[in-house]
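Structure first, then comments.
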Amino acid sequence: EFGVHSAMTYFEAKRLCPEGIFVKPDFAYYEMMSRSFFSFLKRYSLLIEEASIDEGYVDMTEACMRVASPKAYFQKIMDDLLKEIGLKCSIGVAPTKFLAKMASDMKKPLGLTFLYRRSLNETLYPLPIESFFGIGKKTSAKLMDAGIVTIGDLKKKVDQDDAEIKTLFGKYFLIIKEEINGYGDDFVDPTPYDPKSLGHSETFPYDTNEEYVIKNKLRDLSMEVAEGVKRERKKGKTVVLVIKDSDFTNHNKSVSLQEGTDDGEIIFETVSKLYDSNYLGIMLRLVGVTLQNLYNPSEETVQMNIWNFEEYEKMDKTKLLVNELNRKMKKPALKIASEVNKKNGNR
DNA sequence: ATACATACC
DNA sequence: CACTGGTATGTAT
């Protein structure tokens with residue numbers, strides 16, 4: 001009625017509909033509902049991959065073999081989720097995660113879509129290129145310039161190993177070639193979320209170059225980042241100062257520490273120096289602090305010295321061998337099998 | 001190691 | 001001209 005839609009900022013929506021009721025976001029509530037949602041899914045399969053706060057991939061191979069009508073079964077799951085938890089969802093069923101994601105986006109909300117390899121000509125290939133999961137605004141604009149309008153157009157080019165398309169996609173090319181033909185990644189990875197970076201940023205109410213305003217914000221953000229990594233029981237080696245200037249241009253300055261940290265003071269002092277030496281006096285719209293290269297301190301490889309020699313003698317021989325190899329390779333290339341349990345962790 | 005671009009929710 | 005905040009990953013240097 002007023003032209004307000006999803007993904008619109010508060011300010012735009014307020015301008016279009018000043019009398020609207022505006023509700024503050026409540027991330028803790030979303031996380032609570034997210035946990036309910038994933039617990040609900042566990043009834044149907046234990047093989048679940050949390051793709052985001054409100055999306056997941058579930059391997060339903062077994063469940064489907066048990067039931068007479070998979071369609072009715074999935075419909076009941078959707079109905080039950082609404083009845084019991086009060087959440088509306090859409091379900092896509094397909095032989096790969098990519099096709100399932102594409103299927104789930106075809107009808108929503110409360111849509112149930114099955115996608116079959118044999119019918120991709122009629123279902124997937126007519127869709128506009130920008131609906132391809134993984135191809136965003138920038139890439140679809142480039143593809144449109146090359147005359148590629150639909151997913152089917154892209155399939156044709158990709159199957160011909162078109163040189164232009166190959167360079168555009170880089171190392172994604174082969175993945176896209178598989179996905180677009182209905183093959184590729186069909187393994188649901190249930191390992192828990194394991195962040196590799198963690199940060200916070202905030203837009204100022206007005207652009208500012210006042211040092212005390214900016215430093216105060218950097219201090220607060222640094223403390224929040226420190227809290228976050230401590231909650232994850234991690235440390236991080238690289239501190240990043242994120243800024244957006246008054247032209248909406250983003251800049252990053254980062255520095256890697258000798259030792260990983262989870263200490264707010266150290267993070268603040270580090271971004272503070274980065275700010276002093278790069279942006280002093282410049283009008284800023286946003287500042288942010290991010291900690292990258294997160295790792296579990298317990299898995300830190302130890303450089304042997306005379307002080308830990310005695311402990312070293314007592315340690316498990318296999319662990320020592322792994323640690324030694326990793327130290328020599330300057331990165332944790334190997335792990336004890338029992339410690340390999342976190343998604344995307346160093347393997 | 002650093003800087004930046006792109007994509008997603 | 002322009003949406004924000006958070007994270008992942010690829011490319012270039």
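No hydrogens, no waters, no symmetry mates; every other heavy atom, side chains included, goes into these values. Just so it is clear, the model here is predicted, and its values are computed rather than measured. Chain naming here is simple, since letters A, B, ... match the order of the sequence lines and numbering starts at 1 in each.
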Practice prompt. Report yes if at least one side-chain N or O of A:Ser197 is closer than 4.0 Å to OP1 or OP2 of C:dA8; otherwise report no.
Written response: yes
Worksheet entry | Electrostatic pair A:Arg43-A:Asp80, nearest N-O below 4.0 angstrom | no
Discussion item. I want to check a possible cation-pi pair here: A:Arg15 against A:Phe2, using under 6.0 Å from ring centre and within 45° of the ring axis as the test.
Written reply: no
Discussion item. Quick check on DNA chain C: between A:Pro195 and A:Met8, whose nearest nucleotide comes earlier from the 5' end?
Written reply: A:Met8
Worksheet item: Tell me: CD of A:Glu50 to P of B:dC9, nearest whole Å?
Response: 16 Å
Response to the item:
Expected list for residues 150-169 of chain A near DNA chain C, using heavy atoms below 4.0 Å, is none
Worksheet item: What parts of residues 199-218 of chain A reach DNA chain C, counting only heavy atoms under 4.0 Å away?
Response: A:Gly199, A:His200, A:Ser201, A:Glu202, A:Thr203
Discussion item. Categorize A:Val240 for me: base, sugar-phosphate, or nothing, with a 4.0 angstrom heavy-atom threshold over every strand shown.
Written reply: nothing
Item to complete: Pick base, sugar-phosphate or nothing for A:Asp54, based on heavy-atom distances below 4.0 Å to the nucleic acid.
Response: sugar-phosphate
Worksheet, complete the sentence: In A:Glu179, A:Glu55, A:Glu49, the residue satisfying salt bridge (charged side-chain N to carboxylate O under 4.0 Å, His left out) with A:Lys97 is A:Glu49
Practice prompt. Say whether A:Lys244 and A:Asn250, considering side chains only, have a donor N or O and an acceptor N or O under 3.5 Å apart.
Written response: no
Item to complete: Check whether any side-chain nitrogen or oxygen of A:Ser256 sits under 4.0 Å from OP1 or OP2 of B:dT2, and answer yes or no.
Response: yes
Fill in: Whole angstrom value for the distance that separates C1' of B:dC8 from NZ of A:Lys97
15 Å
Discussion item. Let's see if you can work this out: which of C:dT11, B:dC9, C:dA8 has an atom nearest to the side-chain heavy atoms of A:Lys171?
Written reply: C:dT11
Fill in: Cation over ring face, A:Lys71 and A:Phe114, 6.0 Å, 45°
yes
Discussion item. Measure CG/A:Leu291 against C1'/C:dA8 and give the value in whole Å, please.
Written reply: 15 Å
Worksheet, complete the sentence: Assign each of A:Asn252 and A:Lys237 the nucleotide of DNA chain B bearing its closest heavy atom; nearer the 5' end lies the nucleotide of A:Lys237
Discussion item. Regarding A:Phe132, tell me which of base, sugar-phosphate or nothing describes its non-hydrogen contacts under 4.0 Å with the strands shown.
Written reply: sugar-phosphate
Worksheet item: Any side-chain N or O of A:Lys253 less than 4.0 Å from the OP1 or OP2 oxygen of B:dA3?
Response: yes
Worksheet entry | Between B:dT2 (C1') and A:Leu257 (CG): distance, integer Å | 14 Å
Discussion item. Judged by each residue's nearest nucleotide on DNA chain C, which is more toward the 5′ side, A:Glu12 or A:Gln292?
Written reply: A:Glu12
Discussion item. Among residues at least two apart in sequence or on other chains, which ones pass side chain to side chain contact (heavy atoms under 4.5 Å, CB included) with A:Phe37?
Written reply: A:Leu41, A:Leu81, A:Leu87
Response to the item:
Looking only at C:dT9, C:dT4, B:dA3, the nucleotide nearest the A:Phe248 side chain is C:dT4
Response to the item:
For residues 266-281 of chain A, the side-chain hydrogen bond (donor to acceptor under 3.5 Å, both in side chains) pairs (sequence neighbours left out) are A:Lys215-A:Asp276
Practice prompt. Consider only side-chain N and O atoms of A:Asp220 and A:Ser222, and report whether a donor and an acceptor are under 3.5 Å apart.
Written response: no
Practice prompt. Kindly state which residues belonging to residues 135-149 of chain A come within less than 4.0 angstrom of DNA chain C, counting heavy atoms of the residue only, listed by number.
Written response: none
Discussion item. Taking 4.0 Å as the cut-off, does a side-chain nitrogen or oxygen of A:Arg285 come that near to OP1 or OP2 on C:dC3?
Written reply: no
Practice prompt. For the pair A:Met33 and A:Ile85, evaluate side-chain contact (heavy atoms from CB on, under 4.5 Å) and give the outcome as yes or no after the intermediate values.
Written response: CA-CA 8 Å; A:Met33 293 307 285; A:Ile85 321 252; 3.9 Å; yes
Worksheet item: Quick one: is B:dC9 close enough that its OP1 or OP2 comes under 4.0 Å of any side-chain N or O from A:Lys101?
Response: yes
Worksheet item: For C:dT4, does OP1 or OP2 lie under 4.0 Å from any side-chain N or O of A:Lys244?
Response: yes
Practice prompt. Consider only side-chain N and O atoms of A:Asn181 and A:Lys155, and report whether a donor and an acceptor are under 3.5 Å apart.
Written response: yes
Discussion item. In this structure, how many angstroms lie between the P atom of B:dC4 and the CG atom of A:Leu241, rounded?
Written reply: 11 Å
Show me the side-chain donor-acceptor pairs of residues 137-149 of chain A shorter than 3.5 Å, one per line, residues at least two apart or across chains.
unit_1, atom_1, unit_2, atom_2, d
A:Ser140, OG, A:Gly136, O, 2.6
A:Ser140, OG, A:Lys137, O, 3.2

Practice prompt. Rounded to the nearest angstrom, tell me the gap between atom CG in A:Asp105 and atom P in B:dC9.
Written response: 7 Å
Discussion item. By the 4.0 Å heavy-atom rule, please label A:Tyr172 as base, sugar-phosphate, or nothing.
Written reply: sugar-phosphate
Practice prompt. Go through the side-chain N and O atoms of A:Thr96 and A:Asp186 and say whether any donor and acceptor fall under 3.5 Å apart.
Written response: no
Worksheet item: Atom CZ of A:Phe27 and atom P of C:dG5: how far apart are they, to the nearest Å?
Response: 14 Å
Worksheet entry | Side-chain donor-acceptor contact under 3.5 Å, A:Asp59 with A:Thr61 | yes
Worksheet entry | Minimum-distance nucleotide to A:Thr238 side chain [options: C:dA8, B:dT2, C:dG5] | B:dT2
Worksheet entry | Whole-Å gap separating P (B:dA5) and CG (A:Asn250) | 8 Å
